[in-house]
Amino acid sequence: MLPYSNPNHDFAFEQAVIGMALISLDGSILKVNSALSDLLGYSQQELTAGAPQEDSSIRALLNQVIWNARTAQDHPPLPARFEYVYHHPSNREVYLSICTMLQELDQRRRGYLVQFEDRTLLRQLMKQLELKEQKLTEEENAFLQLMEGLPLSVFITKKSIIHYVNAAALRLINATHPRDILGISTDVIVDVSDHNKLMKRRAKYAESGEIGSVDYLIRCLDGQEKMVTGFTLIINYEGEKAAVGIFKDITEQQMEEDRVMQSEKLTTAGQLAAGIAHEIRNPLTSINGFVKLLRSAERSNELYFEIIESELKRIELIVNELLVLSKPQSVHVSGPIDVFAIMEQIITLMKVQAALKNIEIIPHYPMAPVFVQGEVNQLKQVFINLLKNAMEAMNQGGTITLDILHNAQEVQIIVQDEGIGMTQEQIQSLGQPFVTTKDTGTGLGLMITKNIIHNHGGTMNVESVPDHGTTFTIHLPAL
Ligand code: ADP
Ligand code: MG
């Protein structure tokens with residue numbers, strides 16, 4: 001046993017899990033425990049005998065210990081702590097956290113009690129963590145770069161508040177800097193007319209976690225209106241659930257569609273003009289006659305006025321229908337629509353033209369009013385297009401029947417004619433623009449019809465037998 005020892009301290013010293021040493025003031029190792037001998041790669045005897053002190057690694061370590069301890073002596077009784085990278089004889093680096101304390105070794109001598117803690121594993125773990133973090137940051141950067149470069153507009157929202165927008169999204173809403181838009185609710189961007197849609201989607205998400213594609217009318221920061229189409233996904237963003245909306249500007253496309261629809265409507269109006277002129281001429285003739293009668297009559301006849309009034313109403317009705325057709329549809333107002341009422345109005349409009357071609361239009365009335373959700377003028381357009389086609393297919397005359405069937409889920413509108421019918425190939429190409437078999441046809445009617453039905457959440461079926469007739473069935477969701 002060494003002179004500067006005490007049996008209790010010796011035991012604690014030897015058994016300590018961290019490396020311990022007693023070092024003299026001039027830097028010779030007096031005593032080490034086995035944990036330190038493992039750490040430094042030399043036996044306890046070798047270390048205390050001074051032999052490995054020839055080893056430059058041990059020498060450098062001891063110098064560092066003494067230097068730090070002496071510096072710390074200026075501020076006793078603080079222990080000196082420092083980090084040190086020790087070069088182990090087995091050629092690896094050991095990261096040490098070293099703490100030195102000046103101590104009385106016995107009555108005569110003072111020395112340093114030095115603790116060596118192995119931080120190598122910790123260092124490695126830290127290093128790995130750092131690398132992982134770096135990789136994550138790189139991935140995130142790549143992801144952000146991708147988002148920024150994407151031509152589609154990306155919005156990330158949490159509870160309807162915008163947390164991220166990419167460059168395309170900024171352009172979409174005419175913003176110059178993300179700060180113009182971050183923190184704003186999507187309610188501000190989506191036009192008031194679509195707030196219902198927005199709320200329904202939120203409710204649907206809350207109920208089923210489901211969220212899909214959608215079209216919105218949006219209002220840009222400078223007030224400009226745009227139509228967008230897109231879809232929403234739910235992701236984890238910065239540790240929370242968030243919605244990523246990916247949108248495309250379809251304003252131009254929509255305008256083009258509106259233009260096509262408008263020009264088709266004008267064509268239809270032109271083609272209907274002959275029938276309408278006829279329809280207006282009849283009441284005008286009768287009004288003319290009654291006015292003449294009134295002039296020659298001794299006193300006015302109440303009946304004449306009634307007839308004149310009703311004929312004027314009729315003219316008004318027809319002129320109104322004609323105006324509906326030529327009105328642009330930039331405003332898409334949707335509401336509950338009485339299908340049968342529309343059908344009646346259209347029949348009024350087309351009846352004369354039909355009669356001229358020896359065609360009878362027979363509507364089958366439903367028992368009670370049938371409602372669908374939609375836009376009146378567009379649904380009128382559907383009836384007009386189908387009836388016009390039916391009439392144009394019936395050069396020999398005949399009947400066109402109109403039926404409205406309904407149950408809780410859907411409303412069916414069936415237009416059946418006795419015309420020339422279509423071959424299977426013709427049916428296949430229905431609805432493709434500019435495909436027509438008529439000299440003055442546009443081949444746009446059914447495309448628009450399909451489009452309108454699709455926008456109303458419906459579908460259309462066709463059955464046809466050449467030389468016998470055609471049946472168009474429209475399915476629309478019931479209100
Ligand atoms: P258009 O009437 O201008 O030709 P549409 O898109 O309305 O354009 O119709 C496209 C084509 O579909 C018509 O040219 C015709 O060949 C066929 N078609 C449509 N409806 C009928 C029908 N009821 N009976 C027979 N053929 C039809
Ligand atoms: Mg047509």
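Only a predicted model underlies this, so the values are computations on that prediction, with no experimental measurement involved. Counting starts at 1 for both ligands and their atoms, in listed order.
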Q: Quick one: name the protein N/O/S atoms under 2.8 Å from the Mg ion (ligand 2), chain by chain.
A: N389 OD1
Q: Please identify which atoms of ligand 1 are closer than 4.0 Å to at least one heavy atom of T436.
A: 1 (P), 4 (O), 14 (O)
Q) Which ligand 1 atoms does V435 reach within 4.0 Å, using its non-hydrogen atoms? A) 10 (C), 11 (C)
Q: Could you tell me which residues satisfy ring pair (Phe, Tyr, Trp, His ring centres under 6.0 Å) with F340, sequence neighbours excluded, listed by chain and number?
A: Y365
**Q.** Within residues 462-479 or reaching into it, pairs that qualify as side chain to side chain donor-acceptor pair (under 3.5 Å) - sequence neighbours excluded
**A.** E410-H475, N461-H475, S464-T470
(Q) Between R259 and E256, does any side-chain N to carboxylate O distance fall below 4.0 Å? (A) yes
**Q.** Minimum side-chain heavy-atom gap I342-F383 below 4.5 Å
**A.** yes
Q) Taking only heavy atoms of F472, which atoms of ligand 1 are found under 4.0 Å from at least one of them? A) 20 (N), 23 (N)
Q.
Can you see whether Y95 has R119 sitting over its ring - NZ or CZ less than 6.0 Å from the centre and within 45° of the normal?
A. no
Q: Examine ligand 1 and decide if any of its atoms is less than 4.0 Å from a heavy atom belonging to N385.
A: no
Q | Shortest protein heavy-atom distance from atom 14 (O) of ligand 1, along with the residue and atom involved | A | T437 N, 2.9 Å
Q: Would you check if the side chain of S208 reaches a backbone N or O of Y205 as a donor-acceptor pair within less than 3.5 Å?
A: no
Q: Could you tell me which atoms of ligand 1, counted from 1 in the order shown, lie closer than 4.0 angstrom to a heavy atom of Q426?
A: 16 (O)
Q | Per-atom contacts, ligand 1 versus G421 - under 4.0 Å to a heavy atom | A | 25 (C)
Q: Can you run down the side chain to side chain donor-acceptor pair (under 3.5 Å) pairs that involve residues 193-203, sequence neighbours left out, and say none if there aren't any?
A: S160-R202, T186-R202, D187-R202, D191-S193, R201-Y216, R201-T232
Q. Among protein heavy atoms, which sits nearest to atom 7 (O) of ligand 1, and what does the distance come to when rounded to 0.1 Å?
A. N389 ND2, 2.8 Å
Q: Give yes or no for whether the N/O distance cutoff of 3.5 Å, strictly under, is met between L446 and ligand 1.
A: yes
Q | NZ/NE/NH1/NH2 to OD/OE distance under 4.0 Å, E309 and K313 | A | no
